[in-house]
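As structure tokens, the structure follows; a few thoughts come after it.
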Amino acid sequence: MDVIDVRFPTSRSLDGSDAMNPDPDYSAAYVVLHADDGREGHGFTFTIGRGNDICCAAIETLSEYVIGADVDGPAALGDLYRRLTHDSQIRWLGPEKGVMHLAAAALVNAAWDLAARRAGLPLWKYLSGLTPEEIVACVDWRYLTDALTPEAALAILREAEEGKAERIAEIERDGYPAYTTSPGWLGYDDEKVVRLAREAVAEGYTQIKLKVGADLEDDRRRFAAARSAVGPGIRIAVDANQRWDVDQAVEWTKALAEFDPWWIEEPTSPDDVLGHAAIRKRLAPIKVATGEHVHNRVMFKQLLQAGAIDFLQLDAARVAGVNENLAILLLAKHFGVPVCPHAGGVGLCELVCHLSMFDYTSVSATMDDRVIEYVDHLHEHFTAPTVIENGRYRAPTEPGFSAEMKRDSLIRFSYPHGPEWRSN
């Protein structure tokens, strides 16, 4: 196993900037698993700079659960996931949240990448080929059965078997709808927001997103400019990145209501389930979305049980990787809430499209009100980068989880000794 601290200096151009995170350096605690057969599995967890070294140290700490392990097939991958998340002493540091959970995500995702490579399939198609029983066996059902039982999950997956082949063919032909956050970073001036918003519509996007929450009058001005640029037929979501208290979230969003926001994202603390429920009730019909900082499947269960969200924004590497995200997809289907994944970070676009495509083929069987976030940053560093055509994700075709970074990029942007960092 190799672990590399990779950081990109995105703070220099304010790419990724928002009200809570004004100067992010998009980073990856990156891991490569070397298998006995010569194949590799690549995975990472996403951070925004400082602390990426802590994630790397956590991955090293978990290495004893991975080195020597069998990761060939869904049963073995389920066993690995449980070993990485069930150690009592390490679990004490969470439990099942925080840096250790991020580290588990990098390793779990790398193992799934290896398994899909061995199968010669992109991960979304590898998952789509598993049986309902295999999928259910990958999930840790502890703490979930008051909301969703394994038997109910099996029923969901078996129902989705009908038409699956046609949906796989549709994904391969047409891809999956995207929306773009690229026009909306808070550090961009109005002229750049307007230009990028118009370009997004010209490129086929039917939804864009703006960052809000630092200054209300600035938000109103920027939102008005963006709405004027794209017209009334384009959905514009707004994202506060956890900036507000509950009452402030309601008041601020109402002050933006005349510009027709599609959803308000992360309006308050991601841990505040009841706060999200109150905001949703008070802001209706404006919708509420959250999920990129939700720690684990249990918190997602509570958000769904409380009727706190209209859109569930899972993250490929915030929870413990593919296995936990399978549980979250099943919960979302059970509660009838659309999944619109978070992808604002290095490599997250590459990962989450696999999860949404599997969701369509094998779980929800619908794309209604479902879109995957897209940001136009750093894709050139990946060996199988995301491709967008006419506002839609093209289906990945290369075997694996699309997580592999180019060797030259790993060398150049390794921290603190890579050339990009030594020269600055």
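Any value given below was found using the heavy atoms of this structure, including those in side chains, with hydrogens, waters and symmetry copies removed.
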Subject >> CD (Glu133) with more than 12 external heavy atoms under 6.0 Å >> reply: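 It does: Glu133 CD has more than 12 such atoms within range.
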Original post:
Counting heavy atoms not belonging to Glu380, are there more than 12 under 6.0 Å from its CD?
Top reply: yes
Is it true that [X] and [Y] have a side-chain N and a carboxylate O under 4.0 angstrom from each other?
| X | Y | value |
| --- | --- | --- |
| Asp310 | Arg280 | yes |
| Lys406 | Asp408 | no |
| Glu40 | Arg407 | no |
| Lys333 | Asp359 | no |

Min side-chain heavy-atom separation [X]-[Y] under 4.5 Å:
| X | Y | answer |
| --- | --- | --- |
| Ser364 | Arg370 | yes |
| Ile48 | Tyr26 | yes |
| Trp252 | Pro267 | no |
| Phe44 | Leu351 | yes |
| Leu107 | Leu33 | yes |
| Met405 | Val346 | yes |
| Thr180 | Asp376 | no |
| Ile236 | Leu210 | yes |

Heavy-atom pair of closest approach, residues [X] and [Y]:
| X | Y | value |
| --- | --- | --- |
| Ile90 | Leu62 | CD1-CD2, 3.7 Å |
| Arg82 | Ala137 | NH2-O, 3.2 Å |
| Lys125 | Glu172 | NZ-OE2, 2.5 Å |

Any donor and acceptor pair, going by atom type alone, linking the side chain of [X] with main-chain N or O of [Y] inside 3.5 Å?
| X | Y | result |
| --- | --- | --- |
| Asp140 | Glu324 | no |
| Thr361 | Ser128 | no |
| Glu350 | Pro385 | no |
| Asn109 | Gly321 | no |
| Ser414 | Ile411 | yes |
| Thr45 | Ala317 | yes |
| Asp113 | Gly400 | no |
| Arg158 | Pro132 | no |
| Lys97 | Pro95 | yes |
| Arg394 | Arg173 | yes |

Could you tell me whether [X] and [Y] have their ring centroids closer than 6.0 angstrom?
| X | Y | result |
| --- | --- | --- |
| Tyr374 | His379 | yes |
| Tyr415 | Trp421 | yes |
| Phe413 | Phe8 | yes |
| Trp112 | His354 | no |

**OP:** May I ask you to check if Arg227 and Phe259 form a cation-pi contact, with NZ or CZ under 6.0 angstrom from the six-membered ring centre and within 45° of the axis?
**Re:**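 Negative - Arg227 is either too far from the ring of Phe259 or too far off its axis.
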Original post:
Can you check side-chain hydrogen bond (donor to acceptor under 3.5 Å, both in side chains) on Asp271 and His295, steps first, answer last?
Top reply: CA-CA 8 Å; Asp271 299 345; His295 298 297; 3.1 Å; yes
**OP:** Please work out whether the ring planes of Tyr360 and Tyr176 are parallel, tilted or perpendicular, with thresholds of 30° and 60°.
**Re:**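 Correct class here is perpendicular.
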Looking at [atom1] of [X] and [atom2] of [Y], how far apart are the two atoms once the value is rounded to the nearest 0.5 Å?
| X | Y | atom1 | atom2 | value |
| --- | --- | --- | --- | --- |
| Ile54 | Met100 | CD1 | CE | 12.0 Å |
| Asn323 | Ile135 | CG | CD1 | 9.0 Å |
| Ile328 | Asn325 | CD1 | CG | 4.5 Å |
| Leu130 | Phe358 | CG | CZ | 7.0 Å |
| Arg235 | Tyr179 | CZ | OH | 12.5 Å |
| Leu283 | Trp263 | CG | CH2 | 15.5 Å |

Subject >> Glu161/Lys164 under salt bridge (Lys or Arg N to Asp or Glu O under 4.0 Å): CA gap, chis, key distance, verdict >> reply: CA-CA 5 Å; Glu161 289 288 291; Lys164 181 192 288 189; 2.7 Å; yes
Original post:
Is there a side chain to side chain contact (heavy atoms under 4.5 Å, CB included) between Trp185 and Thr10 once you walk through the steps?
Top reply: CA-CA 12 Å; Trp185 302 117; Thr10 51; over 6 Å; no
**OP:** Assess whether side chain to side chain contact (heavy atoms under 4.5 Å, CB included) is satisfied between Glu266 and His342, documenting all intermediate values.
**Re:** CA-CA 11 Å; Glu266 284 202 310; His342 168 244; over 6 Å; no
Original post:
Among Gln207, Gln313, Lys209, whose side chain to side chain donor-acceptor pair (under 3.5 Å) with Glu373 holds?
Top reply: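 Result for side chain to side chain donor-acceptor pair (under 3.5 Å) with Glu373: Lys209.
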**OP:** Please report the C-alpha distance between Asp315 and Leu348 in whole Å, then the side-chain angles of each, then the deciding distance to 0.1 Å, and finally whether the side chain to side chain contact (heavy atoms under 4.5 Å, CB included) criterion is met.
**Re:** CA-CA 8 Å; Asp315 184 283; Leu348 295 182; 3.6 Å; yes
**OP:** Give the intermediate values and the outcome of side chain to side chain contact (heavy atoms under 4.5 Å, CB included) for residues Leu196 and Ile208.
**Re:** CA-CA 10 Å; Leu196 293 176; Ile208 64 173; over 6 Å; no
